[in-house]
Amino acid sequence: MALEHAILVSLTERAGSGYELARRFDRSIGYFWPATHQQIYRVLRRMEDAGWVKHTEIAQEGRPDKKIYRVSPAGRTELSRWLAEPEDPAVLRDGLGVKLRGASLAPPGAVLREVQRHRAEHATRLELYSGIQRRDFPKPAKLNGRDLHQYLVLRGGIRAEESFVAWCDEVIDALRKDKS
């Protein structure tokens with residue numbers, strides 16, 4: 001997947017300026033497809049050159065005009081094409097797993113501390129995702145359409161974080177018991 005497709009999905013949900021789009025990435029879609037504000041602005045220009053998005057300008061007093069981006073018909077065609085094509089399953093590249101594999105070569109406790117640090121970060125992310133679920137999707141059984149799709153992505157993130165926290169707990173317990 002390219003950042004272009006994540007932006008197209010976001011803009012079909014709601015038109016917005018580059019700044020608004022970057023904030024949406026910071027609060028939602030970016031948890032699953034991260035991008036910096038600079039990347040988003042650069043890609044928006046490329047997408048506009050390709051005809052996938054168009055903008056209208058809104059005058060602002062004392063500031064530059066605000067560009068509001070919308071998906072063009074060509075962008076909807078591209079998004080439909082991309083949505084219909086197969087996506088390869090994600091390949092896990094996990095530096096922590098490689099460190100764990102080489103733990104016997106590290107100073108005592110170094111890898112354990114790193115696993116504990118990762119666990120804490122994943123637990124924090126799990127808490128964030130769970131809070132979003134409680135706030136935005138209090139009655140998931142009644143969801144449909146776009147709301148259901150957003151909820152299902154969030155649930156995938158929750159399940160992944162639950163799994164990673166549980167694995168870290170298992171590793172921490174095993175490393176503490178390891179006497180080699």
Side-chain angles (χ1 to χ4, degrees), residues 1-60 63-96 117-138 140 143-165:
M1 179 171 100
L3 177 55
E4 286 86 343
H5 298 109
I7 289 173
L8 285 171
V9 167
S10 186
L11 287 175
T12 60
E13 293 173 353
R14 187 172 63 240
S17 68
Y19 176 78
E20 292 163 345
L21 188 60
R23 298 244 329 143
R24 274 186 250 162
F25 267 73
D26 289 344
R27 289 189 320 261
S28 62
I29 201 165
Y31 295 126
F32 303 95
W33 195 266
T36 66
H37 292 212
Q38 294 84 3
Q39 287 173 310
I40 290 169
Y41 283 108
R42 192 170 38 247
V43 169
L44 277 170
R45 281 191 295 276
R46 234 183 7 244
M47 292 171 68
E48 193 160 31
D49 290 344
W52 292 358
V53 297
K54 295 182 183 220
H55 78 269
T56 54
E57 292 189 8
I58 297 175
Q60 300 186 111
R63 295 192 297 188
D65 292 348
K66 183 178 185 178
K67 293 180 179 180
I68 301 296
Y69 291 91
R70 288 178 175 70
V71 178
S72 70
R76 287 191 182 276
T77 299
E78 169 55 22
L79 187 55
S80 292
R81 182 205 62 75
W82 176 76
L83 287 168
E85 78 179 20
E87 184 75 24
D88 291 335
V91 175
L92 179 63
R93 288 189 181 139
D94 183 17
L96 184 61
R117 186 180 72 80
H118 278 253
R119 188 214 183 274
E121 288 188 24
H122 285 280
T124 298
R125 197 173 305 149
L126 174 58
E127 186 99 5
L128 172 69
Y129 292 174
S130 296
I132 292 169
Q133 179 178 320
R134 285 189 301 275
R135 182 191 71 218
D136 295 349
F137 305 104
L143 297 174
N144 59 45
R146 180 177 290 154
D147 290 337
L148 174 63
H149 306 151
Q150 290 174 351
Y151 170 76
L152 292 172
V153 171
L154 179 62
R155 284 297 302 155
I158 288 170
R159 299 288 299 265
E161 296 304 332
E162 288 171 340
S163 177
F164 204 90
V165 167

Working to the nearest 0.5 Å, report the span between [atom1] of [X] and [atom2] of [Y].
{"X": "Glu161", "Y": "Glu127", "atom1": "CD", "atom2": "CD", "value": "12.0 Å"}
{"X": "Glu4", "Y": "Trp82", "atom1": "CD", "atom2": "CH2", "value": "11.0 Å"}
{"X": "Ser130", "Y": "Arg125", "atom1": "OG", "atom2": "CZ", "value": "12.5 Å"}
{"X": "Ile7", "Y": "Arg46", "atom1": "CD1", "atom2": "CZ", "value": "8.5 Å"}

Please name all residues satisfying side chain to side chain contact (heavy atoms under 4.5 Å, CB included) with [X], sequence neighbours left out, ordered by chain then number.
{"X": "Tyr31", "value": "Leu128, Tyr129, Ile132"}
{"X": "Thr124", "value": "none"}
{"X": "Lys67", "value": "His55, Glu57, Tyr69"}
{"X": "Ala35", "value": "Leu3, Phe25, Gln39, Ile40"}

Which heavy-atom pair separates [X] from [Y] by the least distance, and what is that distance?
{"X": "Phe32", "Y": "Ser28", "answer": "CD1-O, 4.0 Å"}
{"X": "Gly51", "Y": "Ala74", "answer": "O-CB, 3.4 Å"}
{"X": "Ile68", "Y": "Ala15", "answer": "CG2-CB, 4.1 Å"}

Would you say [X]'s side chain and [Y]'s backbone share a donor-acceptor pair under 3.5 angstrom?
{"X": "Ser72", "Y": "Trp52", "value": "yes"}
{"X": "Ser163", "Y": "Arg159", "value": "no"}
{"X": "Tyr19", "Y": "His37", "value": "no"}

Kindly indicate, with the supporting measurements, whether the criterion salt bridge (charged side-chain N to carboxylate O under 4.0 Å, His left out) is fulfilled by Arg117 and Glu121.
CA-CA 6 Å; Arg117 186 180 72 80; Glu121 288 188 24; 2.8 Å; yes

Sequence neighbours left out, what passes side-chain hydrogen bond (donor to acceptor under 3.5 Å, both in side chains) with Ser10? Give chain and number order.
Arg24

Report the residues that fulfil side-chain hydrogen bond (donor to acceptor under 3.5 Å, both in side chains) with Asp65, sequence neighbours left out, ordered by chain and then residue number.
none

With [X] via salt bridge (Lys or Arg N to Asp or Glu O under 4.0 Å) - residues at least two apart:
{"X": "Arg119", "value": "Asp169"}
{"X": "Glu20", "value": "Lys66"}
{"X": "Arg63", "value": "none"}
{"X": "Glu85", "value": "Arg81"}

For His122, check ring pair (Phe, Tyr, Trp, His ring centres under 6.0 Å) against everything at least two apart and list the hits.
Phe164

Validation: residues 148-158 side-chain donor-acceptor distances under 3.5 Å, sequence neighbours left out:
residue	atom	partner	partner atom	Å
His149	ND1	Gly145	O	3.2
His149	NE2	Gly145	O	3.4
Gln150	NE2	Glu13	OE1	3.4
Gln150	NE2	Glu13	OE2	3.1
Arg155	NH1	Gln133	OE1	3.3

Flag the pair Thr12 / Leu79 as yes when at least one side-chain heavy-atom distance between them is below 4.5 Å, and no otherwise.
yes

Side chain proximity check, Val53 to Val43, heavy atoms < 4.5 angstrom
no

